[in-house]
Amino acid sequence: MKAVVFHDVGDIRLDEVPEPRIEAPTDAIVRITASAICGTDLHFVRGTVSEMKPGTILGHEGVGIVEELGEDVRNLEIGDRVVIPSTIACGNCSYCRAGYYAQCDTANPNGKAAGTSFFGGPAATGPFNGLQAEKARIPFANIGLVKLPPEISDDQAILLSDIFPTGYFGADMAGIKDGDTVAVFGCGPVGLFAIASARLMGAGRIFAIDQFDDRLRMARKQGAEVIDFNREDPVEAIKRLTDGIGVDRAIDAVGVDAEHGLCGHRSEAKPVSDQPQGADGSWKPGDAPAQALEWAVQSLAKAGTLSIIGVYPPDAMTFPIGMAMNRNLTITMGNCHHRKYIPKLIEMVMAKRIDPAQILTQVKPMNDVIAAFKAFDRRENGWVKVELLPQSTRSDDAADSARGEERLDDAIADTFPASDPTTMQNPKR
């Protein structure tokens, strides 16, 4: 079968690989009908998150059809259409039973203290082969697969695998209540879903901070008050627009890429478009405070809450702790407990409270995946969220380009958001 395989920093390939097999009684094999490219994938390819194991299949977003079941998977049938939560959980340990699926004690083979396990990640997460493939093995399938009603399309369902739950999780952790003023840093897909989720939770005002016109337009159409940090200092703008008070809640939907360009620091992380030269020289985070975090802390009102859902590597060691402590800020953070939120979000989509598919701007067959990675890595205009079709090899650039433009126009017209972490850099500093 075909799959997107990590070989080295800056080096991913569409390879022919063996098909997955049932390895445990709780496994399932799923034929993937939709996958996606996420900003988190770019962290691995660029080397900003290290220790990726060569040969790992990338991707942690998936929708598909159940083809095989282990004998202990008793709540599914062959032929069921399912969405795959990005994080892997057993469903039995005390953390899973308390709803902390991202901190499952059992799923990560590196041990209880190893933390979150997810598809297509670095060595510390398992690693487990990912979902940018024609088929995938799903461990703990009775928990790790959620059946989809026929009314929900693949285009909608692929956003339920990771980024919609992550945006909702960020808003939930922020403790948003009716009337709250919220700032969302980063208007890629996750940030746009954080904006949408803040609206669903009753936020009174939402500020959206980014530098890309297409993402800011989508945020504005949701009713957010947009701030282009290339044109003005976002902290000063928020303070002025809130009469000097600041926001009640701030969400960092950016992560490690926020460090690029900060205070003259130049990233040496290799983009997807570069030829591989090995991991030596790839940028190591942790030597400067992340820009989005710094802005978020400065923008919060006293006793406000900061929610961090942007991805940071374990060796990121800097944070404006003194400023946060002296202003009595509450800080929440972590990886999304996808299995907790997906059933609730399916109900919201069924009730037509939100249509997540509005953020899709490109749909690409598997043969075009490397070119799609490169375009997404370059932050080309209109490339907000890319869906992959692992079962399709047909490439029609003109038709797909027209479909992408139509999708972007529809998304803006229908006032809906999106979010993979966008680079937050301040060229004025």
Side-chain angles (χ1 to χ4, degrees), residues 36 38-39 61 83 86 152-153 155-210 212 214-227 247-255 292 296 305 307-310 336-338 340-361 384-387 407-422:
C38 180
E61 298 167 275
V83 60
S86 296
I152 291 184
S153 68
D155 286 357
Q156 292 173 320
I158 192 60
L159 286 318
L160 293 167
S161 178
D162 178 26
I163 62 170
F164 187 6
T166 299
Y168 195 91
F169 171 62
D172 190 24
M173 280 200 303
I176 295 170
K177 302 189 299 295
D178 289 349
D180 277 350
T181 297
V182 180
V184 177
F185 290 85
C187 298
V190 170
L192 289 170
F193 274 115
I195 292 169
S197 300
R199 280 278 181 237
L200 290 169
M201 294 176 186
R205 296 178 74 186
I206 303 172
F207 293 100
I209 301 92
D210 207 297
F212 297 107
D214 53 350
R215 297 179 177 193
L216 289 171
R217 278 187 293 156
M218 294 175 85
R220 188 194 298 270
K221 287 295 183 179
Q222 289 195 79
E225 301 176 53
V226 300
I227 297 172
V247 297
D248 303 301
R249 322 287 174 190
I251 300 173
D252 170 7
V254 186
T305 300
S307 172
I308 304 170
I309 51 175
C336 178
H337 309 296
H338 295 89
K340 173 181 177 179
Y341 292 101
I342 288 173
K344 178 186 298 186
L345 300 182
I346 287 175
E347 291 180 3
M348 288 186 182
V349 175
M350 290 286 289
K352 301 187 184 304
R353 295 186 64 191
I354 192 167
D355 178 9
Q358 293 298 330
I359 74 153
L360 287 175
T361 50
V384 177
K385 187 62 181 178
V386 185
E387 180 180 2
R407 282 179 173 278
L408 181 60
D409 290 343
D410 287 346
I412 292 169
D414 292 348
T415 76
F416 194 77
S419 170
D420 291 317
T422 179

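On a predicted model such as this, the values are computed, not experimentally measured, just so you know.
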Within the structure provided, determine whether [X] and [Y] are in side-chain contact (heavy-atom separation under 4.5 Å).
{"X": "T166", "Y": "H338", "result": "yes"}
{"X": "K177", "Y": "R249", "result": "yes"}
{"X": "L159", "Y": "L360", "result": "yes"}
{"X": "V184", "Y": "I209", "result": "no"}

Exam field: side chain [X] to backbone [Y], donor-acceptor pair closer than 3.5 Å:
{"X": "D248", "Y": "T181", "answer": "yes"}
{"X": "Q222", "Y": "L192", "answer": "yes"}
{"X": "R199", "Y": "G223", "answer": "yes"}
{"X": "Q156", "Y": "S153", "answer": "yes"}

Rounded to the nearest 0.5 Å, how far does [atom2] of [Y] lie from [atom1] of [X]?
{"X": "F169", "Y": "S197", "atom1": "CZ", "atom2": "OG", "answer": "12.0 Å"}
{"X": "L200", "Y": "Y168", "atom1": "CG", "atom2": "OH", "answer": "6.5 Å"}
{"X": "K344", "Y": "D172", "atom1": "NZ", "atom2": "CG", "answer": "6.5 Å"}
{"X": "T361", "Y": "K385", "atom1": "OG1", "atom2": "NZ", "answer": "9.5 Å"}
{"X": "C336", "Y": "I309", "atom1": "SG", "atom2": "CD1", "answer": "8.5 Å"}

Non-hydrogen atoms of C38 and E61 that approach each other most closely: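 Minimum heavy-atom contact is CB-OE1, 3.3 Å.
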
